[in-house]
Amino acid sequence: QVQLVESGGGLVQAGGSLRLSCAASGRSLSTYNMGWFRQAPEKERKFVAAIRRNGGSTYYADSVKGRFTISRDNTKNTLNLQMNGLKPEDTAVYYCAAARGPFAGSSLSAYDYWGQGTQVTVSS
């Protein structure tokens, strides 16, 4: 079983950037397809981005396409999310997630392990 810990959240002005990281322990990150999700207050958790085990392909929600970049470094057991051009509507708790099975994409229920989340707040 893998443990996931997110970091890098914070408060940023609109138009700014943040880089989130997700550190994995317990098992090699290369075992899993990975994803980022976010949850705003009183809203459902929503898909942000996903990446295959080998990093060969990525998939983004339309709302973040062109602004966010998901990447992974399996040698460092780390997943990243570079967020540029942040908007107030990006404010949420961001979670990384790991899927043991096939590429899970945006399917929240297909992910088996979750981190505790990191808060991102974008001021206008």
Colleague: Looking at S30 and N74, what are the two nearest heavy atoms and their distance?
Modeller: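 That would be CB-ND2, 3.6 Å.
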Colleague: Assess, by modelled atom type and distance only, whether the side chains of S17 and N84 contain a donor and an acceptor separated by less than 3.5 Å.
Modeller: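 The criterion, which ignores hydrogens and geometry beyond distance, is satisfied for N84 and S17.
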Colleague: What are the two closest heavy atoms between W36 and E6, and how far apart are they?
Modeller: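 Nearest heavy atoms, W36 then E6: CZ3-CG, 3.9 Å.
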Colleague: Regarding R38 and the six-membered ring of Y95, is the cationic atom NZ or CZ under 6.0 Å from the ring centre and inside 45° of its axis?
Modeller: no
Colleague: With rounding to the nearest 0.5 angstrom, report the OG to CZ distance, S106 to F37.
Modeller: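 It is 7.0 Å, given to the nearest 0.5 Å.
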Colleague: Do the charged groups of K65 and D62 touch, with an N to O distance under 4.0 Å?
Modeller: yes
Colleague: Shortest non-hydrogen contact from M83 to L20?
Modeller: CE-CG, 3.7 Å
Colleague: Give, for atom CG of L81 and atom OG1 of T69, the distance between the pair rounded to the nearest 0.5 Å.
Modeller: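 Reported value, rounded in 0.5 Å steps: 8.0 Å.
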Colleague: Looking only at heavy atoms, which two atoms of A50 and Y111 are closest? And how far apart?
Modeller: CB-OH, 3.6 Å
Colleague: Strictly by modelled atom types, are R52 and S57 linked by a side-chain donor-acceptor pair under 3.5 Å?
Modeller: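 Side chains of R52 and S57: pair found under 3.5 Å.
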Colleague: Given the side-chain rings of F47 and Y59, with only the six-membered ring counted for Trp, is the space between their centroids under 6.0 Å?
Modeller: yes
Colleague: If I compare all heavy atoms of L29 with all of A24, which pair ends up nearest, and what's the gap?
Modeller: CD1-CB, 3.5 Å
Colleague: Measure the shortest side-chain to side-chain distance between L86 and L18 over non-hydrogen atoms and say whether it is less than 4.5 angstrom.
Modeller: yes
Colleague: Indicate whether any N or O donor in one side chain lies under 3.5 Å from an N or O acceptor in the other, for Q82 and N80.
Modeller: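 No - no donor-acceptor pair under 3.5 Å links their side chains.
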Colleague: Testing the basics here: between Q119 and V93, what is the closest heavy-atom pair and its distance to 0.1 Å?
Modeller: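 Closest approach of Q119 to V93, heavy atoms only: OE1-CG2, 3.2 Å.
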